[in-house]
Amino acid sequence: MSAVSRGLRNPFRTRVRTAVVVLLLAIIIGLFAVMVQGALATQQRLESLQANVRTVIELREAGAFGTGGFGADAPAGSAEMGREQGTEYFSLRTLERIGGIPHADHIAKIEEYVMDPQIDPSVPNAYAMLIGLRPGTPLRAIGEVDYENARIVAGRNLGAQDRDQDVAVVGRHYARERLGIVAPATDAVLSGKTINIGGRPLQVVGIYSTDNDFGDNHVFIPIETFRRVLHPGDKLSKIWVTADSIANVEAIRNELQQIPGVDAVTAAEQVASARATLGSIAAATLYGSLLLFALGGVLVVFIMVLTTRERIKEIGTLKAIGAPNYEVVKQFLAEIVALTGLAAVGAVVIAVLFAKILQTTLSVDVQIDGETFLLIVLGGLTFAAIGSCYPILKGIRLSPIQAMKNT
C-alpha cells in the first residue's frame with residue numbers, strides 16, 4: 001500500500017474522533033469564511049454610502065429625527081405646529097425658498113418626499129411608512145442607514161408613466177408580511193397584487209430591498225397619488241438637495257439652514273451614526289474570524305500531535321524496513337488533507353446556514369459565491385499546512401530504535 005493510500009485511510013481508523021474533528025473544523029472554517037465575507041461586505045457598504053452622499057444635503061423639519069416629524073409630538077417647524085401658530089413650516093413653500101438662496105445656481109438636483117405612517121396591528125411589524133416621491137427619484141427607505149438607494153428585486157421601479165397613477169412599489173418585508181410574497185419574488189407573483197391606501201386599491205408594480213427588515217417595510221407611491229389619496233395638504237417630510245460639487249456643499253448647507261423650519265444635514269453628519277453601526281459590525285466580524293482562525297489552528301495541531309504519537313510505532317516500522325523520509329511526509333500530508341478536505345465540504349453547508357443567520361440578525365448581506373468557496377479552500381489548506389508541521393518534523397527526526405523504545 002502506498003504512503004498516500006495509507007494517509008487517506010488513516011482518519012477512518014478512529015471514526016468517532018474523526019467525525020467530531022471534522023464537524024468542529026467544518027464549523028470553524030465555515031464561520032471563518034462567512035465572517036470574513038461579512039466584514040468585507042460591511043466595509044464596502046460603508047465606503048459606498050460615503051461615496052454616494054458626499055454632495056448630498058438632507059433637509060428635514062426642524063427638530064425632527066429623520067422620520068419626517070411623524071412622532072407623538074410635532075417638532076418645531078412642523079406642519080401641525082406651523083398651522084396652529086400661523087408660522088412658516090416645512091412645506092412646498094420650503095421648495096420655493098430653496099430656489100431663492102444665493103448659491104441656488106450650484107444646486108444640481110432637488111428631490112422632495114412626503115411621508116405618512118401606516119400601522120397594522122395584525123402583522124408582526126405593525127409600523128410601515130408610506131412615502132410619496134416623484135417617479136424616477138431614488139427610493140430612499142427609512143432604516144438604520146436610510147441614505148442608500150433601495151434596489152428593485154422584482155417587477156419595476158416607478159417611472160414617468162406612473163405620474164398620478166394608482167401604483168406602488170413595496171419593500172420585501174412588507175410584501176412578505178402583508179401580501180404573502182416570499183423571497184425570492186418574481187415578476188409573475190405581482191400580477192393582480194394590490195394594496196389598500198386611503199380606501200383606494202393601488203397596484204403593486206415592484207418590490208425593493210435594502211437588506212434591512214425595517215427599511216424593507218415601506219411603500220413608495222407617486223407623490224401626486226399620495227396627495228390625492230391621503231390629503232396631506234402642502235406639507236413635506238424630507239427634501240434632498242444635491243450640490244454640483246463638493247466645494248459648494250458647505251456654503252449651500254449654511255444658506256439652507258437659514259430657511260425657517262428647516263434642519264440641513266450634510267453627508268458627514270448623515271453617515272456618522274451609520275459609520276458607528278457598520279464599523280462595529282465590521283470589527284466584530286473581523287475579530288471573530290481571527291479568533292476562529294486561531295481556534296482552528298489549535299484544534300488541528302492538537303489532533304495531529306495526538307495522531308503522531310499514535311503512529312510512532314508505525315513510523316518506526318516503516319523506517320526500519322527502509323522507507324525514506326519523503327514517504328513519511330506523504331503519508332502525513334495525505335492524512336491531514338483528507339481530514340481538512342472533509343471539513344471543507346461540511347464548511348460549505350455551515351457557511352450557507354450562517355450567512356442566513358448573519359443577514360437576519362445583523363442585516364449584513366453575505367453572498368455565498370466563488371469568494372466564499374475560495375476562503376473555505378484556503379482555510380482548509382492553511383489548517384492542513386499548520387497541522388502537518390509537527391508530524392512531518394517528528395517523523396523525519398524519528399529513528400526506528402527510538403520508536404521501539406517509546407512503544
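We use all heavy atoms of the structure for the numbers below, so side chains are in, but hydrogens, waters and symmetry mates are not.
Residue L95 holds its CG atom at 9.5 Å from CG of L59, rounded to the nearest 0.5 Å. Between the CG atom of D164 and the CD1 atom of I221 there is a distance of 10.5 Å, given to the nearest 0.5 Å. Rounded to the nearest 0.5 angstrom, L158 CG and L139 CG are separated by 6.5 Å. For the atom pair CE of M115 and CZ of R140, the computed distance is 10.0 Å after rounding to the nearest 0.5 Å. Here CG of N217 is found 8.0 Å from OH of Y174. Values are rounded to the nearest 0.5 Å. A distance of 11.0 Å separates CD1 in I239 from CD in E111, rounded to the nearest 0.5 Å.
Two residues are said to be in side-chain contact when any heavy atoms from C-beta on lie closer than 4.5 Å; I207 and L179 fail this criterion. At a threshold of 4.5 Å between non-hydrogen side-chain atoms, the residues E58 and T266 do not count as touching. Between T94 and V262 there is a side-chain heavy-atom pair separated by less than 4.5 Å. By the 4.5 Å heavy-atom criterion applied to side chains, I57 and V265 are not counted as neighbours. Side-chain contact check for I107 versus I101: some heavy-atom pair is nearer than 4.5 Å. I386 is listed as a side-chain neighbour of V301, based on a closest heavy-atom distance under 4.5 Å. Here the side chains of P135 and E224 are in contact, with some heavy-atom distance below 4.5 Å. Taking 4.5 Å as the limit, some side-chain heavy atom of T18 sits within range of a side-chain heavy atom of L339.
Using a 4.0 Å cut-off between a side-chain N of Lys or Arg and a carboxylate O of Asp or Glu, R228 and D166 qualify as a salt bridge. A salt bridge does not link D234 to R93: none of the charged nitrogens lies less than 4.0 Å from a carboxylate oxygen. Comment: K109 does not engage D244 in a salt bridge, judged by the lack of any side-chain N to carboxylate O separation of less than 4.0 angstrom. E112 and K238 are not joined by a salt bridge, as no carboxylate oxygen comes within less than 4.0 angstrom of a charged side-chain nitrogen.
Side chain of T242 to backbone of V56: no donor-acceptor contact under 3.5 angstrom is found. Side chain of S91 to backbone of L236: no donor-acceptor contact under 3.5 angstrom is found. The backbone N or O of L130 lies less than 3.5 Å from no partner atom in the side chain of D116, so there is not a single donor-acceptor pair. Although no hydrogens or angles enter the test, the distance criterion places no donor-acceptor pair under 3.5 Å between the side chain of D162 and the main chain of Q165. Looking at R163, its side chain never comes within 3.5 Å of a backbone N or O of P222 through a donor-acceptor pair. Side-chain atoms of Q257 come within 3.5 Å of backbone atoms of A264 as a donor-acceptor pair (strictly under, hydrogens ignored). Side-chain atoms of Y208 never come within 3.5 Å of backbone atoms of A141 as a donor-acceptor pair (strictly under, hydrogens ignored). Between the side chain of S191 and the backbone N or O of A188, no donor-acceptor pair lies under 3.5 Å.
Ring orientation note: the planes of F293 and F32 are tilted relative to one another, at an angle of 30° to 60°.
In summary, the side chains of Q203 and T194 do not present any donor paired with an acceptor at a separation below 3.5 Å, with no hydrogens or angles considered.
Smallest separation of non-hydrogen atoms from L202 and V167: CD2-O, 3.8 Å. Across all their heavy atoms, M35 and G288 have their closest contact at CE-CA, 3.7 Å. The shortest non-hydrogen separation linking P138 to Y113 is O-OH, 2.7 Å. Listed here is the closest heavy atom pair of I376 and A33: CG1-CB, 3.7 Å. The two atoms that bring H218 and M129 nearest to each other are ND1-N, 3.1 Å, heavy atoms only. Annotation for T137 and L133: closest pair OG1-CD1, 3.2 Å, computed over non-hydrogen atoms.
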Check against side chain to side chain contact (heavy atoms under 4.5 Å, CB included), V249 and I252: CA-CA 5 Å; V249 169; I252 294 174; over 6 Å; no
Derivation of the side chain to side chain contact (heavy atoms under 4.5 Å, CB included) call for V170 and I195: CA-CA 9 Å; V170 303; I195 56 175; 4.1 Å; yes
CA sep, side-chain torsions, deciding dist, call: I98, I259, side chain to side chain contact (heavy atoms under 4.5 Å, CB included): CA-CA 8 Å; I98 292 173; I259 298 176; 4.0 Å; yes
Q118 and R178: CA distance, side-chain angles, deciding distance, side chain to side chain donor-acceptor pair (under 3.5 Å) verdict: CA-CA 12 Å; Q118 182 188 51; R178 307 191 189 209; 3.3 Å; yes
Residues L190, V205; criterion side chain to side chain contact (heavy atoms under 4.5 Å, CB included); working and verdict: CA-CA 7 Å; L190 296 178; V205 298; 6.0 Å; no
Residue pair N248, H106: steps toward the side chain to side chain donor-acceptor pair (under 3.5 Å) verdict: CA-CA 7 Å; N248 293 317; H106 294 287; 3.3 Å; yes
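Listed by first then second residue, pairs satisfying salt bridge (charged side-chain N to carboxylate O under 4.0 Å, His left out) with a partner in residues 372-381 number zero, not counting sequence neighbours.
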